[in-house]
Number of protein chains: 2
Amino acid sequence: MTFKRTNPLALAVLALLAERPMHPYEMAQTMRERHQEEVIKLNYGSLYTVVESLHKHELITASATQKAGNRPERTVYAITDTGTAELHDWLRELIAVPAREYPRFEAGISMVGLLPPHDALTVVEQRVDALDQQLTALAVLLEKLAGMGLPQLAWIELDYRLAMLRAERGWLTWFAAATRDGTVGGYPDWEDRHR
Amino acid sequence: MTFKRTNPLALAVLALLAERPMHPYEMAQTMRERHQEEVIKLNYGSLYTVVESLHKHELITASATQKAGNRPERTVYAITDTGTAELHDWLRELIAVPAREYPRFEAGISMVGLLPPHDALTVVEQRVDALDQQLTALAVLLEKLAGMGLPQLAWIELDYRLAMLRAERGWLTWFAAATRDGTVGGYPDWEDRHR
DNA sequence: ACCCGTATATTCGGCGCCGGATATACGGGA
DNA sequence: TCCCGTATATCCGGCGCCGAATATACGGGT
């Protein structure tokens with residue numbers, strides 16, 4: 001069986017091992033230090049399964065080094081040539097080809113007609129507030145990173161997220177307004193269904 | 001154990017059973033007819049496990065009706081009062097509270113520095129092309145739906161997706177331009193690393 | 001010297017998800 | 001009437017993911 005590009009955590013592992021050999025726990029630490037865990041979901045269980053999978057497909061190699069007992073604790077892994085190739089090819093694909101992601105909010109908003117208009121308005125406004133908090137937090141963080149002299153390329157994904165958050169906020173405020181003054185298409189029916 | 005709001009497919013099931021009792025296969029058919037499967041990931045395996053989970057938590061009830069053999073094929077389910085409550089509460093939460101989703105593109109773009117600038121530009125432009133296709137397809141669909149006289153509220157999630165696609169396209173063209181003429185922060189280093 | 005909370009490093013059991021396999025009914029053509 | 005492709009309806013085995021459990025080392029306070 002050929003390696004399946006499911007869990008992006010595997011991509012992070014390949015990227016880390018492209019720098020230098022590491023053991024899984026060290027990978028996790030490094031990801032935390034660099035705030036990568038906010039972009040790629042990380043937990044220990046998945047990390048070890050993903051590493052084992054990469055090893056099975058010979059994208060990485062294991063060199064056991066024991067420390068205190070005689071059992072090999074701290075298994076250190078290194079990337080192989082096919083692993084490097086996989087890293088770059090996967091990365092290209094991830095950027096070039098948009099993937100269907102099924103965002104949960106899309107599912108939610110598609111059923112908003114099930115809520116009474118007044119309740120719908122309330123929850124949409126709550127979401128706007130939450131997004132505003134995220135936006136200010138993100139703006140502060142960007143300010144700080146730029147002040148530290150870090151290049152923009154090092155936090156480019158935050159720049160992207162900022163743009164997307166702003167867009168979502170914009171759409172939400174439009175929808176809230178259209179709900180408030182009943183200009184959203186189908187409003188009369190919507191109100192009638194909830195009396 | 002209390003019911004866990006993981007798979008949004010369970011929400012779709014509750015919403016369908018809020019209309020009328022159904023058996024799982026019929027739910028799938030209905031979702032397909034209404035193009036709900038483009039918003040909520042649907043496959044038969046998950047559907048039956050999700051239905052069983054809802055049943056176990058008494059959010060829906062089963063009424064077995066046999067057809068030909070003596071085994072109960074076509075098990076018809078109906079929503080309970082707690083099920084209806086769960087539907088509405090879950091829906092509110094889904095809209096009000098933004099959830100961390102870990103979009104794959106964010107992971108990809110965060111590592112774009114691993115690719116040579118020229119290659120990065122290429123794949124970003126490929127993504128723009130792909131998004132353009134999605135955008136025109138979506139515009140055509142919206143035109144058609146509006147022409148059929150369907151209320152906007154019935155396809156509000158497409159309206160949302162349109163806004164988000166446009167925002168992503170905008171950010172990508174900015175990034176492509178900034179890469180092309182080397183104005184993205186950290187470009188000199190980026191180019192140096194790939195000689 | 002001893003204790004114990006924290007950091008280090010990995011393992012494990014369970015469970016949800018998925019694609020494919022299974023089984024039966026229906027309907028149109030030779 | 002018989003055949004077989006399609007539609008109907010569900011089940012099942014495997015696997016990836018996750019959170020909790022496990023085990024050992026380290027270090028500071030008394």
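These numbers come from the heavy atoms of this one structure, side chains and all, not from hydrogens, waters or symmetry mates. Numbered from 1 within each chain, the chains take letters A, B, ... in sequence-line order. Treat the numbers as computed from the prediction; the structure is a model and nothing was measured.
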Peer 1: Taking side chain to side chain contact (heavy atoms under 4.5 Å, CB included) as the test, write out the residues that go with Pro98(A), two or more places apart.
Peer 2: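 Listed in chain order: Arg127(B), Ala130(B), Leu131(B), Gln134(B).
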Peer 1: Choosing from dC17(C), dC11(D), dC17(D), which nucleotide comes nearest the side chain of Asn7(B)?
Peer 2: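 Nearest to the side chain of Asn7(B) among the choices is dC17(C).
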Peer 1: Starting at atom CZ of Arg74(B), determine the distance to atom P of dT24(C), rounded to an integer number of angstrom.
Peer 2: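 Rounded to whole Å, this separation is 17 Å.
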Peer 1: Rounding to 10°, can you tell me the angle the first-five-pair axis of the helix from dA1(C)-dT30(D) to dA30(C)-dT1(D) makes with its last-five-pair axis?
Peer 2: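 One end axis against the other gives 10°.
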Peer 1: With Asp129(B), which residues qualify under side-chain hydrogen bond (donor to acceptor under 3.5 Å, both in side chains), at least two apart?
Peer 2: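 Partners of Asp129(B) under the side-chain hydrogen bond (donor to acceptor under 3.5 Å, both in side chains) test: none.
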Peer 1: Taking the side chain as C-beta and beyond, is there a heavy-atom pair between Leu16(B) and Thr30(B) under 4.5 Å?
Peer 2: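 Touching, per the 4.5 Å side-chain cut-off.
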Peer 1: Return the set of residues passing side-chain hydrogen bond (donor to acceptor under 3.5 Å, both in side chains) with Thr80(B) (not counting sequence neighbours), or none when no residue passes.
Peer 2: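 Residues passing side-chain hydrogen bond (donor to acceptor under 3.5 Å, both in side chains) with Thr80(B): Thr82(B).
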Peer 1: Please enumerate all residues that pass side-chain hydrogen bond (donor to acceptor under 3.5 Å, both in side chains) together with Arg166(B), with sequence neighbours excluded.
Peer 2: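 Per chain and number, Arg166(B) pairs via side-chain hydrogen bond (donor to acceptor under 3.5 Å, both in side chains) with no residue.
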Peer 1: What ring pair (Phe, Tyr, Trp, His ring centres under 6.0 Å) pairs are there with at least one residue in residues 124-168 of chain B, not counting sequence neighbours?
Peer 2: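 Pairs touching residues 124-168 of chain B that pass the test: Phe105(A)-Tyr160(B), Trp171(A)-Tyr160(B).
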Peer 1: Determine which pairs satisfy side-chain hydrogen bond (donor to acceptor under 3.5 Å, both in side chains) with at least one residue from residues 105-125 of chain A, sequence neighbours left out, and list them in order.
Peer 2: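 Counting only pairs at least two positions apart or across chains, the side-chain hydrogen bond (donor to acceptor under 3.5 Å, both in side chains) contacts touching residues 105-125 of chain A are Glu106(A)-Arg161(B), Asp119(A)-Arg92(B), Glu125(A)-Arg180(A).
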Peer 1: Quick one, which residues of residues 35-43 of chain A touch DNA chain D with a heavy atom under 4.0 Å?
Peer 2: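 By residue number: Lys41(A), Asn43(A).
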Peer 1: Could you tabulate the donor-acceptor pairs under 3.5 Å formed by side-chain atoms of residues 55-64 of chain A, not counting sequence neighbours?
Peer 2:
unit_1	atom_1	unit_2	atom_2	d
His57(A)	ND1	Ser53(A)	O	2.9
His57(A)	NE2	Met1(A)	O	3.3
Ser63(A)	OG	Val76(A)	O	3.3

Peer 1: Tell me which residues in residues 20-29 of chain A lie within less than 4.0 Å of DNA chain C, going by non-hydrogen atoms.
Peer 2: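 Within residues 20-29 of chain A, the residues near DNA chain C are His23(A), Pro24(A), Tyr25(A), Gln29(A).
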Peer 1: Can you give the donor-acceptor pairs under 3.5 Å from side chains of residues 183-190 of chain A to other protein atoms, not counting sequence neighbours?
Peer 2:
unit_1	atom_1	unit_2	atom_2	d
Thr183(A)	OG1	Asp181(A)	OD1	2.9
Trp190(A)	NE1	Gly113(A)	O	3.4
Trp190(A)	NE1	Leu115(A)	O	2.9

Peer 1: Enumerate the ring pair (Phe, Tyr, Trp, His ring centres under 6.0 Å) contacts for residues 12-43 of chain B, please, sequence neighbours excluded, ordered by first and then second residue.
Peer 2: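 Listed by first then second residue: Tyr25(B)-Tyr44(B).
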